[in-house]
Amino acid sequence: MQLHILTICYIIGSVTFILGLKMLSNPLTARKGNLIAAGGMTIAILGTIFLYETEDGQGLHNYLWIFSGLIIGAVIGTLAAKKVKMTAMPEMVSLFNGMGGACAALISAVEFDHVYREYRLDMNSFADVVPFGHYFTISAGAIIGSVSFAGSVIAWGKLNGRIKDFSFNGQHIVNLIILGFVFGVAGFTYWTSSSVTNIWFLITLLSAFVYGVMFVLPIGGADMPVVISLLNSFTGVAAAFGGFLYNNKVMLTGGILVGAAGTLLTMLMCKAMNRSLQNVLIGSFGAKNAKSAAATTQGSYKEISLNDTATCLAYANKVMIVPGYGLAVAQAQHICHELEKNLEEKGVQVFYAIHPVAGRMPGHMNVLLAEADVSYDKLLEMEHANEEFKTADVVLILGANDVVNPAAKSDPSSPIYGMPILEVEQAKMVVVNKRSMKPGYAGIENDLFFRPKTSMLFGDAKKVLQQLVNEIKNV
Ligand code: TAP
C-alpha cells in the first residue's frame, strides 16, 4: 500500500515537472510553473522520506541526518536567493547547477561505497560480483556529475570576473588525454582485482573534476552561453543516472527533463552563435584573439546630448530598444518600461529587439523585462527584429555591446566572428547608451560606436533613462 502511495507521489512529481517546464516557457506563467514544479518536488521528497521501503521492508530511519541536511540546505538556499543581486543571478544559477552535479556525483560515490562493502571489493574484483551495467551507471553518474560541478564552478568564476580565460597551445590535446585517463581509470576500477578499488574510484572522480576545470577554462569570448547550457544538460544526465541507481522514477524523469532541456538549449545557443558544438569545444576562441581584434578599431565617435536624444525619440514613428547586460547591471528595466509608455503616449511605436545571448544567462533580457511588466508582444526575437530595424527611426541601445558588434559579420579574426547580431545599422539613427568606451564580455572593441549613424550617450542606464523620461515629458 505504502509503495502505491509513493508511486502516486512520483507520478505527481513527474507530471508537475513537465507542466512547470511548459509554463516556464512564457514569462506570464513562469512564476506559477516554478511553484508547481517545486510543489511536485516537495511531494516526491516527502513521499520518499516517509514511504520508501527497501526490499526487506525497511523504511528510512536516519531522520536526524535527512532533516538536518534539508534544513541547512533550505536555509542557505533561501538566504542566497533572497540576498543575491539581480546582476549576480547568472553566476548563482551556474553555482546551483554545479551543486546538482556534485549531488549526482556524491550519490554515485555513496552507491560505490555500498557495493564495495557489500561485496568485499577489497578482496574481489568488481567484474566478478557486479554486472557491468550497474557499475557503468555508478561511474557515469560520478564522472558526468564531477565534470558538471567543476565546470560550473569555473563558469561561476568567469561570470563574476574572478576567473579569467586560460588557454595554452595544445590544450585540447591535453584535455583529450585527461578525458582518456578518466575513462581508462574507470575501466581499470571495474576489472582490476586490486585491494584498493576505492582509491581508483576516487582517482576517477578527481580526474573527472580536473577535466571539468580544464574543459571550461579556455572557453572565452562570447562562447560561454553554449557551455553553460551544456553544463545544465550534464547535471540532468548525471541526476538521471542517480535515478537509475536507486530505481527512483521521479529522479529519473527530472534528470531526463533537465538533460533534454539543457541539450535543446545547447543546440539553440549554438544556432544563436552560428557555431557547431565541436567548434565551441575545440575551436580556438579566447583572450588571445580578443586582444588582436581589440587593437584593430580606430577613429572617433560622436556624442549626443540628452535633450537631442529625447527630441529624436519623441518625434520618431518607430523606436527599437536593444537591451543588453548593462541594463541588468543598472537595474533600469522599470524606468525603461516607463520610457516606453511615455513614448507610446506620444504616438511612437516601441519594440524591444532581443538577442538570444544578450546578458549573462539564457533568457536574461526576457526575465529582466518581464520583471518590469513589459508586454511580451513587444519583445521581438533576433530574426524578426532584424526585419523591423529597416523601418525604425531610432535604435536605442541600452548597455548592449557584443550583440550589436559588426565585427561578428566582417572580421574573421574576431572571437565573435560568425555570431548573428542585431543589425541596428539598418535603422535611420543609432543611439548607444553605456558608461564608457570599454568593451563588453568578449573583450573586443566595437566598430559600431565609430560609424556615421551612431551617437554615444554616456552614463549609467538608470540615470540616463530617468533623465530621458523627464526630458520627453517636456518635448
Ligand atoms: P556585453 O557585450 O557584455 O556589454 C555590456 C555593456 O554594458 C558593456 O559594454 C558596458 O559598457 C555596459 N554597461 C555596464 N554597466 C552599465 C550601466 N550601469 N549602464 C549602462 N551601460 C552599462 O553585453 P551584451 O551585448 O548583452 O552581450 C552579452 C555577452 O555576454 C555576449 O558576449 C555573450 O556571449 C556573453 N555571455 C552571455 C551569456 C548568456 S547565456 N546570455 C552567458 C555568458 C556570457 P560600460 O562599461 O562602458 O558601461
Side-chain angles (χ1 to χ4, degrees), residues 85-87 89-91 93-94 97 152 154-161 163 165 216 219-232 262 265-266 268-270 272-275 280 285-286 290 293-294 301 321-333 335-336 352-369 382 396-408 414-422 424 431-446 448-449 456-468:
K85 288 195 190 134
M86 253 324 255
T87 44
M89 207 61 177
E91 57 209 68
V93 170
S94 205
N97 183 59
S152 300
I154 299 297
W156 165 81
K158 283 193 172 201
L159 287 174
N160 62 27
I163 297 177
D165 300 344
V216 181
I219 296 176
D223 289 321
M224 278 306 282
V226 181
V227 179
I228 289 171
S229 323
L230 193 66
L231 291 169
N232 274 346
L265 196 59
T266 309
L268 284 173
M269 286 295 168
C270 279
M273 304 295 297
N274 198 16
R275 305 241 195 276
V280 173
F285 305 106
Y301 56 85
I321 297 177
V322 176
Y325 178 62
L327 189 77
V329 174
Q331 281 296 287
Q333 62 275 29
I335 188 72
C336 180
Y352 294 82
I354 308 294
H355 192 284
V357 303
R360 293 290 183 274
M361 63 180 180
H364 199 168
M365 294 301 114
N366 303 57
V367 176
L368 191 74
L369 295 172
M382 183 166 56
L396 178 62
I397 299 177
L398 298 171
N401 193 339
D402 294 343
V403 298
V404 291
N405 192 335
S414 167
I416 60 166
Y417 184 65
M419 174 177 99
I421 52 161
L422 290 166
V424 293
V431 177
V432 179
N433 164 238
K434 64 201 293 293
R435 297 163 306 180
S436 64
M437 290 303 283
K438 280 190 194 154
Y441 186 82
I444 49 173
E445 287 273 2
N446 192 339
L448 174 75
F449 306 156
M456 303 300 294
L457 179 62
F458 289 114
D460 173 75
K462 194 171 188 173
K463 284 189 193 139
V464 165
L465 282 170
Q466 185 62 63
Q467 286 163 331
L468 274 179

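Position 1 is the first residue of the sequence; numbering continues from there. FYI, side chains are in, hydrogens and waters are out, and symmetry mates aren't considered; it's all heavy atoms of this structure. When a ligand or atom number is given, it counts from 1 through the structure's own listing order.
- Between atom CD of residue Gln333 and atom CG of residue Leu369 there is a gap of 7.5 Å, rounded to the nearest 0.5 Å.
- At least one heavy atom of Leu159 sits under 4.0 Å from some atom of ligand 1.
- Here Ala332 has no heavy atoms under 4.0 Å from ligand 1, in either its backbone or its side chain.
- Close contacts of ligand 1 with Pro439, meaning ligand atoms under 4.0 Å from a residue heavy atom, involve 9 (O).
- Distance check: Leu465 CG to Asn433 CG gives 6.5 Å after rounding to the nearest 0.5 Å.
- With ligand atoms numbered from 1 in the order given, ligand 1 contributes 17 (C), 18 (N), 19 (N) to contacts under 4.0 Å with heavy atoms of Asp460.
- The line from CD1 of Ile219 to CG of Leu230 is 8.0 Å long, rounded to the nearest 0.5 Å.
- Counted within 6.0 Å of CE on Met456, heavy atoms from surrounding residues, nucleotides or ligands total more than 12; the atom is thus considered enclosed.
- Ligand-side atoms of ligand 1 in range of Gly324: 26 (O), range being under 4.0 angstrom from any heavy atom.
- In terms of polar-atom proximity, Ala461 is counted as a contact of ligand 1, with an N or O under 3.5 Å from an N or O of the ligand.
- With hydrogens and angles ignored, the 3.5 Å screen pairs no side-chain donor or acceptor of Ser94 with any backbone N or O of Pro90.
- Where the criterion is an N or O separation shorter than 3.5 Å, residue side chain and backbone included, Val357 meets it with respect to ligand 1.
- Considering Glu91, Arg435, Met224 only, the shortest heavy-atom separation from atom 15 (N) of ligand 1 involves Arg435.
- Some N or O of Gly359 is nearer than 3.5 Å to an N or O of ligand 1, by distance alone.
- Considering only heavy atoms from C-beta on, Ile321 comes within 4.5 Å of Cys336 through its side chain.
- In terms of the salt bridge (Lys or Arg N to Asp or Glu O under 4.0 Å) criterion, Lys434 has no residue partners (sequence neighbours excluded).
- Residue contact check for ligand 1: Arg360 places a non-hydrogen atom closer than 4.0 Å to it.
- The shell of residues lying under 4.0 angstrom from ligand 1, judged by heavy atoms, excludes Pro90.
- The shortest N or O to N or O distance between Asn401 and ligand 1 is below 3.5 Å.
- Evaluation of the side-chain hydrogen bond (donor to acceptor under 3.5 Å, both in side chains) rule for Tyr352 yields Glu340 as partners, not counting sequence neighbours.
- Using a 4.5 Å cut-off on side-chain heavy atoms (C-beta onward), Met382 and Ile421 make no contact.
- Looking at Gly399 next to ligand 1, an N or O pair under 3.5 Å apart turns up.
- Short contacts between ligand 1 and Ala400, defined as distances under 4.0 Å to a heavy atom of the residue, involve ligand atoms 25 (O).
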